[in-house]
Structures are given as C-alpha cells and as structure tokens.
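Position 1 is the first residue of the sequence; numbering continues from there. Everything numeric here is computed off the predicted structure, so don't read it as measured data.
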Amino acid sequence: KNPLTPMRLLLQQTEAEIAKDPARGAEIIQERAPKLLKQIESLDRIARDFAQFARLPRRQDQRVDVAALLEDVTAEYEGTVAQGVAVRCEAAASLPAVTWDADELRRVLRNMVLNAFQSVEEKGGGEVLLSARALSRAGRAGVLVTVSDDGVGIPLDHHDRLFEPQFSTKTRGTGLGLAIVSGILSEMGGTIEFESAPGQGTTFELWWPA
C-alpha cells in the first residue's frame, strides 16, 4: 500500500470542493489543514522508521552507561502521570558498560518504551517500568534490560509475527519499531524475549553483551 495514497485522495477531494464552491475556498482549506498535517506527520514517521531500519547513519561505538541511558529515556516521559501513565526507572548499581552506538541503543529503548506507553494508555492508565541488572550468559558479561507494563497485552495470535518489519498491533507508527530493535540486538550479539498476556501487560527482556 502506497503511504502517499491517503494524502493524494485528501488533496484531490479538497481541490474538487474548492472548484465546486470557490467562495468557501479559505474555509475548506482551514477545515482540511489539520488532517493534512496528520498525514504529513505520519509520512515523516514512516521515513524516519525506514531510515532507522536500513541503519543509514554510520555507527559510532563507545562505552555506554546503561543506567544513565535508562534515566535519560525515562526523563522524556516526565509529567505523563497527569495522563494516567507513570514511567519509572530502576537500575542496579555498578552495571557493566556496554560498547555500542549510544544513539542506536537510545532508539531501542525509545521504541520499547513507546510501545509500552501506548499499551498502558490504551488500557486507560497504569505503569511502565524500565529496569536493568548485570547478567552473564555463556560466560560473557552483560546487562539485562527489562521493559514491562500493565497495559492491554499482546494477543496470542500476534506473538509469532511480532518482529516482522511490516507487522504492527498499533494504529500509530509503521510497525518497524520491534523489527529495528530485533535487528540491532542480533547484530550486537544480544537477545530479545517477551512474555505477554492479553489484558494483563507485557514484559520485554533485552540482553546486551558488555
């Protein structure tokens, strides 16, 4: 499906209405402007998500303070308690540093927290919790980052398709979020797992090698 189609149809409809009643031209444009802006925002999200999925920016590996990164992402949701959604952070002391592109890891967390936030918001309120603790696997040090929520959960018939690039349970976004996350985790030698129950919430566990 061409993402430009809805905007084209809306523009054609607007043009036809103005041609039919030129005297109401300004009024018609004013009525259509909010819808057009939403279409533009949607296209912008699609462009950004596809650019991230293709990993166009060159990676800049560096030592990443995981606790600080979690706190930064959590701070972006400061004030959302008034909307009925609390986003909290609990990071264990003395976490090992992770060597990877900091911006890429920040995108990973933002994708995960946004999904969790929307799930809680859809349910009518609740909590999103980010946590991190040191965890070694197969003799290799690492950090287990957990993003959990008490939102609407993920339907069982969606579990097997959750990481497909064009699959999404959301009405907002492009469905590329979890595909991006899964791809980045695979490339860095990490893992992503989840548990979810409809109506009870979802927990994602991301293991990052240190």
Side-chain angles (χ1 to χ4, degrees), residues 1-57 72-88 103-104 106-128 130 147 149-155 157-158 161-184 196 198-199 201-202 204:
K1 183 179 179 180
N2 190 335
L4 288 172
T5 299
M7 177 175 283
R8 285 174 178 159
L9 292 173
L10 187 57
L11 287 170
Q12 288 170 1
Q13 183 183 6
T14 303
E15 185 178 356
E17 288 187 18
I18 293 173
K20 186 177 179 179
D21 190 358
R24 291 189 60 245
E27 182 182 346
I28 292 169
I29 290 173
Q30 196 171 25
E31 290 174 356
R32 293 286 185 272
K35 293 182 180 179
L36 286 168
L37 286 173
K38 284 185 179 180
Q39 290 291 340
I40 292 170
E41 289 172 2
S42 176
L43 289 170
D44 179 58
R45 284 197 301 271
I46 290 171
R48 283 188 281 108
D49 281 352
F50 271 99
Q52 290 173 11
F53 188 65
R55 192 167 52 78
L56 297 178
D72 285 348
V73 174
T74 302
E76 295 176 8
Y77 287 84
E78 186 176 353
T80 58
V81 174
Q83 299 173 233
V85 184
V87 181
R88 297 195 300 110
D103 288 337
E104 202 161 57
R106 184 172 284 103
R107 281 205 301 274
V108 164
L109 283 181
R110 280 176 171 164
N111 270 317
M112 301 307 302
V113 175
L114 178 60
N115 284 345
F117 185 92
Q118 291 178 352
S119 179
V120 172
E121 195 176 35
E122 187 178 340
K123 192 175 180 180
E127 181 179 270
V128 177
L130 282 78
V147 181
D149 67 71
D150 53 5
V152 296
I154 302 168
D157 59 345
H158 290 170
R161 301 187 59 199
L162 208 56
F163 299 105
E164 293 179 7
Q166 293 184 343
F167 179 76
S168 177
T169 61
K170 306 295 182 185
T171 56
R172 288 172 281 180
T174 62
L176 286 175
L178 288 175
I180 293 171
V181 170
S182 179
I184 291 172
S196 184
T202 303
F204 278 91

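The two residues E127 and D150 make their nearest non-hydrogen contact at N-OD1, 2.9 Å. Listed here is the closest heavy atom pair of P155 and P198: CA-CG, 4.2 Å. Heavy-atom minimum distance, R88 versus T74: C-CG2, 4.1 Å.
Results of the side-chain contact (heavy atoms from CB on, under 4.5 Å) test with M112 over V128, T202, L130, V147 single out V147 as the only residue that passes.
For the atom pair CZ of F117 and CD of E76, the computed distance is 12.0 Å after rounding to the nearest 0.5 Å. Rounding to the nearest 0.5 Å gives a distance of 12.5 Å between CD1 of I180 and CZ of R110. Distance check: R32 CZ to E27 CD gives 10.5 Å after rounding to the nearest 0.5 Å. To the nearest 0.5 angstrom, T14 atom OG1 is 8.0 Å from I28 atom CD1. E121 contributes atom CD, which lies 12.0 Å from atom CG of D149 (distance to the nearest 0.5 angstrom).
Ion pair R107/E104 flagged as a salt bridge, since at least one NZ, NE, NH1 or NH2 atom sits closer than 4.0 Å to an Asp/Glu carboxylate oxygen.
Residues E15 and L11 form no side-chain contact, since every pair of their non-hydrogen atoms from C-beta on lies 4.5 Å or further apart. No side-chain heavy atom of R24 sits under 4.5 Å from any side-chain heavy atom of I18. Side-chain atoms of F204 and L178, non-hydrogen and from C-beta on, do get closer than 4.5 Å to each other.
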